[in-house]
Amino acid sequence: MRYDDIGTGIPLLLVHGFPLDHGMWRPQVEALRDECRCIVPDLHGLGTSPLAEDPATMEGFALALKTLLDKLEIDQAVVCGFSMGGYVALAFTELYPERVKGLILCSTRSVADDGHAKLARATTAENALARGMAELAPGMAADLLSNKTRKDRPELLAEVEGIIARQSPAGVAAASQGMALRPDRTDGLARIEAPVLILAGDADTLIAPSQSEAMAEQLSDGRLVVLSGGAHLVNMERPTAFNAELVRFLAELN
Ligand code: MLT
């Protein structure tokens, strides 16, 4: 699995979303490399990591991350998952709780897909394979950002489009089908012993902030922060506020 390993200090494993790769964490790596050790993988089939299983399950991604931590001789990391990366982070926490020093769940949810969402996953996979990612990238990128960001920051929209356009259709299809297979992990939230930070953008139209509120209610040691003016990709839209929350959380864990 391809990964970046940048900085020193407490290990922070940054797990990207769909259909993205490590590039979505640029604003965090730039700002946090002096605060912590950023481990930034490309999940299998995305970025430059080869496809490992099809469908690509969240549990398979979690196993690959555990294998990466083993290779890097990291006993415990702060695991930060964005959206699909949050599904992976929840699977990782369920399977390897002793490896989690803290958990950050960003723009994500614990529930499984309903029947309608599963059908949509199949359509996304078919479209990726039939049309290719360059054609799908503009529409998918627009959904990740707020109207205001799209209007005021065309360079950010172009950056996100570029990340999506470089994904392999087969990897995107495998991840889409894999997300449809994930179980509901809501019941497991109450059993998480590590401190949890939940981050959401108030203008997220893909995963409503109410999903974050519902998760926060289940946690014994959790905090929810809803950032204003951010949509789904809130870490790129509101990097200063997002990074400040990460730094505060890391300081509490040290
Ligand atoms: C993501 O950003 O990773 C996706 O929106 C997650 C999903 O499609 O459920």
Side-chain angles (χ1 to χ4, degrees), residues 12-29 31-32 40-41 43 46 58 61 78-93 102-113 117 120-121 124 139-150 153 156-157 159-161 163-164 172 175-176 178-179 182 184-186 189 192 196-219 222-246 248-249:
L12 174 66
L13 180 63
L14 293 165
V15 189
H16 64 77
F18 171 92
L20 303 166
D21 62 24
H22 71 284
M24 67 154 284
W25 294 115
R26 178 192 50 74
Q28 282 63 55
V29 175
L32 300 179
V40 204
L43 295 170
L46 296 161
M58 303 304 104
F61 284 147
V78 179
V79 182
C80 173
F82 166 82
S83 200
M84 180 182 78
Y87 311 156
V88 177
L90 284 172
F92 185 95
T93 305
L103 178 63
I104 303 168
L105 298 170
C106 173
S107 303
T108 194
R109 57 189 155 199
S110 56
V111 294
D113 284 357
R121 299 288 185 204
T124 302
M140 289 180 126
D143 286 345
L144 299 178
L145 303 170
S146 71
N147 289 338
K148 182 165 168 34
T149 302
R150 294 201 300 270
R153 298 179 61 196
L156 182 60
L157 179 60
E159 180 179 0
V160 176
E161 278 184 24
I163 295 173
I164 296 174
V172 169
S176 189
M179 283 191 283
R182 75 188 193 283
D184 189 322
R185 291 202 152 88
T186 306
L189 293 170
I192 297 176
V196 184
L197 171 64
I198 300 183
L199 292 167
D202 68 346
D204 191 341
T205 54
L206 292 182
I207 298 181
S210 58
Q211 294 282 348
S212 293
E213 286 160 19
M215 287 195 293
E217 281 167 16
Q218 303 293 320
L219 295 166
R223 177 166 82 234
L224 165 67
V225 180
V226 179
L227 298 171
S228 62
H232 193 55
L233 204 46
V234 64
N235 70 299
M236 295 193 93
E237 293 184 279
R238 298 287 329 278
T240 307
F242 188 96
N243 293 344
E245 294 299 335
L246 256 55
R248 184 151 76 102
F249 186 67

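- Between D143 and T205 the shortest side-chain heavy-atom distance does not fall below 4.5 Å.
- Among residue pairs with one or both ends in residues 227-237, those qualifying as side chain to side chain donor-acceptor pair (under 3.5 Å) are Q28-N235, S83-H232, S146-E237, T149-E237, D204-H232; sequence neighbours excluded.
- Side-chain contact between R153 and M236 is absent, with no heavy-atom pair separated by less than 4.5 Å.
- Smallest separation of non-hydrogen atoms from T108 and G86: OG1-CA, 3.7 Å.
- Side chain of H16 to main chain of L43: a donor-acceptor pair is present (N/O by atom type, distance under 3.5 Å, no hydrogens or angles).
- V15 is not listed as a side-chain neighbour of F92, based on a closest heavy-atom distance of 4.5 Å or more.
- The shortest side-chain heavy-atom distance between F242 and C106 falls under the 4.5 Å cut-off.
- For L227 against A241, the heavy-atom pair with the smallest separation is CD2-CB, 3.9 Å.
- The backbone N or O of V172 lies less than 3.5 Å from no partner atom in the side chain of S176, so there is not a single donor-acceptor pair.
- The heavy-atom pair separating M58 from V88 by the smallest distance is SD-CG2, 3.8 Å.
- Taking 4.5 Å as the limit, every side-chain heavy atom of H22 sits out of range of all side-chain heavy atoms of V29.
- A distance-only check finds no donor-acceptor pair linking the side chain of S110 to the backbone of R185 [under 3.5 Å].
- By the side-chain contact (heavy atoms from CB on, under 4.5 Å) test, A141 is found to be paired with L157, V160, E161, I164, residues two or more places apart in sequence or in another chain being considered.
- A perpendicular orientation is assigned to the rings of W25 and F82, their planes being inclined by more than 60° (bins at 30° and 60°).
- For D184, the side-chain contact (heavy atoms from CB on, under 4.5 Å) partners at least two apart in sequence or on another chain are V111, A112, T186.
- Inter-residue side-chain proximity for M140 and T124 is flagged as met; some heavy-atom pair is nearer than 4.5 Å.
- Side-chain N or O atoms of R150 include one that pairs as donor or acceptor with a backbone N or O of L145 at under 3.5 Å.
- The structure places CZ of R109 at 5.5 Å from CZ of R182, a figure rounded to the nearest 0.5 Å.
- Between the CG atom of L103 and the CG atom of L90 there is a distance of 6.0 Å, given to the nearest 0.5 Å.
- Atom CZ in R238 sits 11.0 Å away from atom CG in N243 (nearest 0.5 Å).
- Nearest approach of A231 to S107, heavy atoms of both residues: O-OG, 4.4 Å.
- Residues L12 and L246 are in side-chain contact: their nearest non-hydrogen atoms beyond the backbone lie under 4.5 Å apart.
- If you take CD on E213 and CG on L224, they are separated by 6.0 Å, rounding to the nearest 0.5 Å.
- Looking at L20 and L144, their side chains come closer than 4.5 Å, going by heavy atoms from C-beta outward.
- Distance check, rounded to the nearest 0.5 Å: CZ of F61 to CG of L46 gives 5.5 Å.
- The structure places CG of L199 at 6.0 Å from CD of E245, a figure rounded to the nearest 0.5 Å.
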